[in-house]
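Everything below concerns the one structure shown next.
Basis for what follows: all heavy atoms, side chains included, without hydrogens, waters or symmetry-related copies.
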Amino acid sequence: MKKTYKVEVDCAACAEKMQEAIKNTEGVKDATLSFMTLKCKVEFEDGVNPDEVIQEARKNCKKIEDDMEIFV
């Protein structure tokens, strides 16, 4: 399953780090975060709950940039 989320991030370098944090979240198959469009496309592993996984991804991203946001 693939979903697109609106994100709020202040710099391109942080966006790149957050993309990696999302990719490394359990249940995520692949992710692309675009600083230019402020959108994140996430492909989830089969059988996971996307809402639970994106909440965990948000926690991982907040460790990098505390004032970032992923809008579900």
Side-chain angles (χ1 to χ4, degrees):
M1 171 186 291
K2 293 181 183 180
K3 285 192 162 196
T4 301
Y5 300 93
K6 183 179 178 199
V7 296
E8 188 175 293
V9 60
D10 296 331
C11 73
C14 293
E16 188 174 326
K17 290 177 186 175
M18 287 188 285
Q19 176 179 290
E20 288 305 310
I22 295 167
K23 282 183 176 182
N24 292 326
T25 301
E26 188 173 335
V28 173
K29 193 173 194 178
D30 194 23
T32 305
L33 195 156
S34 171
F35 178 68
M36 295 299 293
T37 63
L38 294 177
K39 290 188 179 178
C40 182
K41 295 179 182 179
V42 182
E43 182 177 357
F44 297 95
E45 298 284 348
D46 292 335
V48 300
N49 181 334
D51 294 332
E52 291 176 4
V53 174
I54 204 66
Q55 293 302 326
E56 192 62 34
R58 179 185 284 135
K59 289 178 191 175
N60 294 339
C61 289
K62 292 250 183 210
K63 294 174 187 173
I64 297 165
E65 184 68 38
D66 187 41
D67 64 345
M68 70 75 59
E69 191 56 69
I70 298 175
F71 298 99
V72 178

Quick check: closest heavy atoms across [X] and [Y], and the distance to 0.1 Å?
{"X": "Ala31", "Y": "Lys23", "answer": "O-CE, 2.9 Å"}
{"X": "Lys3", "Y": "Phe44", "answer": "CB-CE1, 4.0 Å"}
{"X": "Asp10", "Y": "Glu65", "answer": "OD2-OE2, 4.0 Å"}
{"X": "Phe35", "Y": "Val9", "answer": "CE1-O, 3.6 Å"}
{"X": "Lys41", "Y": "Thr4", "answer": "CG-OG1, 3.7 Å"}
{"X": "Thr25", "Y": "Ala57", "answer": "OG1-CA, 3.6 Å"}

Supply the atom-to-atom distance [X] [atom1] to [Y] [atom2], rounded to the nearest 0.5 angstrom.
{"X": "Leu33", "Y": "Ile22", "atom1": "CG", "atom2": "CD1", "value": "5.0 Å"}
{"X": "Cys40", "Y": "Ile70", "atom1": "SG", "atom2": "CD1", "value": "6.0 Å"}
{"X": "Glu69", "Y": "Lys62", "atom1": "CD", "atom2": "NZ", "value": "4.5 Å"}
{"X": "Leu38", "Y": "Glu8", "atom1": "CG", "atom2": "CD", "value": "8.0 Å"}
{"X": "Glu43", "Y": "Lys2", "atom1": "CD", "atom2": "NZ", "value": "4.5 Å"}
{"X": "Phe71", "Y": "Arg58", "atom1": "CZ", "atom2": "CZ", "value": "8.5 Å"}

Are the side chains of [Y] and [X] in contact, using a 4.5 Å heavy-atom criterion?
{"X": "Gln19", "Y": "Thr32", "value": "yes"}
{"X": "Gln55", "Y": "Asn49", "value": "no"}
{"X": "Pro50", "Y": "Met1", "value": "yes"}

